[in-house]
Protein chains: 2
Amino acid sequence: MGEFKPLDPLLHSQLRLAVMSLLISVEEAEFTFLKEKTESTAGNLSVQLDKLEKAGYLEIVKSFRGKRPLTTAKITAHGIRAFEEYVLTLKNYIT
Amino acid sequence: MGEFKPLDPLLHSQLRLAVMSLLISVEEAEFTFLKEKTESTAGNLSVQLDKLEKAGYLEIVKSFRGKRPLTTAKITAHGIRAFEEYVLTLKNYIT
DNA sequence: TAAACTAGTTTATTTTATAAACCAAATGAA
DNA sequence: TTCATTTGGTTTATAAAATAAACTAGTTTA
């Protein structure tokens, strides 16, 4: 029983964790909302959303609002499980 | 009041966090003890202890036990404060 | 005395995070 | 109308971190 099982590296990142944290509570959010809440740059956010999507933690939907592009992120069931697991693992480090 | 204040990058690292977590409870520990508990390589542990020492979070004492070198790490008051602060900050991400 | 082990450090490589530069379209001001 | 600015991003380049591999120095064991 190792005391410190590895932390999911995909979640152990400030920005990705903040994004997941937001999406856990709101279910679905726009790119600009996530950008404002996390105070990240668009470039960084774009890259990190990509990674979370490729891991299957998020679903990214691209559409238009009026004439402008609109990117929406939604957490998946797999993402929720991974986040919960991450939190449990982390607790062994900080308590 | 930003929801996600930055996490101390020195502590937001799996191995350094595990080391600090151990030292919070035991106060003082040998290199080999830390290596076993964290299941890290000696090289990685050496590098990370250095960083924590340079930040003033640990004090590293080098001596000999019999004829063999002995490296001991001890958490500082500053390290304890930083760890506690990190935990508080992190809670805003995971709850 | 040679092989293997201990207790690490140093250097090199890979992976991440982040920033900077860029793009396409839409809007606003002169 | 046309040129500057803004929106909503993506792509590429750079900096920083984590990790692994190689190395050092000495010790113990066969």
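Proteins come first, then strands; the chains are lettered A, B, ... in the order of their sequence lines, and each starts at number 1.
Taking atom CG on B:L49 and atom C1' on D:dA18, their separation rounds to 14 Å, with Å as the unit. Rounding to whole angstrom units, CD of residue B:Q14 and P of D:dT19 are separated by 7 Å. The distance from atom CG of B:L34 to atom P of C:dT9 is 12 Å, rounded to the nearest whole Å. When rounded to the nearest whole Å, the span between CZ of A:F31 and C1' of D:dT10 equals 9 Å. Going from atom CG of B:L15 over to atom C1' of D:dT19 covers 10 Å, rounded to whole Å. Taking atom CG on A:L17 and atom C1' on C:dT18, their separation rounds to 17 Å, with Å as the unit. Residue A:N44 contributes atom CG, which lies 19 Å from atom P of C:dT15 at whole-angstrom precision. Atom pair B:F33:CZ and C:dA7:P shows a separation of 15 Å (rounding to whole Å applied).
In this structure, of C:dG8, D:dT19, C:dT18, it is C:dT18 that holds the atom nearest to the side chain of A:Q48. Of all nucleotides listed (D:dT28, D:dA18, C:dT9), D:dT28 comes nearest to the side chain of B:K67. Distance from the side chain of B:T71 is smallest for C:dG8 among the nucleotides C:dT10, D:dA18, C:dG8. The side chain of B:P69 sits closest to C:dA7 out of D:dT27, D:dA20, C:dA7. Comparing D:dA18, D:dT28, C:dG8 against the side chain of B:R16 picks out D:dA18 as the nearest.
Across all strands, A:L70 comes closer than 4.0 Å only to sugar-phosphate atoms, never to a base (heavy-atom distances). Residue contacts for B:T32: at a heavy-atom cut-off of 4.0 Å it reaches the sugar-phosphate backbone alone, with no base atom in range.
The aromatic rings of B:H12 and A:H12 lie parallel to each other, their planes meeting at an angle below 30°, with 60° marking the opposite boundary.
Contact record, B:T89 with B:P6: CG2-O, 3.8 Å, taken as the closest heavy-atom pair.
Along DNA chain C, the nucleotide nearest A:H12 and the nucleotide nearest A:A42 are compared for position; the residue whose nucleotide lies closer to the 5' end is A:H12. DNA chain D is contacted by both A:V47 and A:R68; A:R68 maps to the nucleotide lying nearer its 5′ end (nearest heavy atom per residue).
A donor-acceptor pair is defined here as one N or O able to donate and one able to accept, closer than 3.5 Å; such a pair exists between the side chain of A:T95 and the backbone of A:K91.
Between A:K51 and C:dT16 there is no side-chain polar atom (N or O) within less than 4.0 angstrom of OP1 or OP2. Using a 4.0 Å cut-off, some side-chain N or O of B:S13 falls inside it from OP1 or OP2 of D:dA18.
Counting heavy atoms from C-beta on, the side chains of B:T72 and B:E28 come closer than 4.5 Å. When side chains are defined from C-beta on, B:K35 does not count as touching B:E30, because their heavy atoms never get closer than 4.5 Å.
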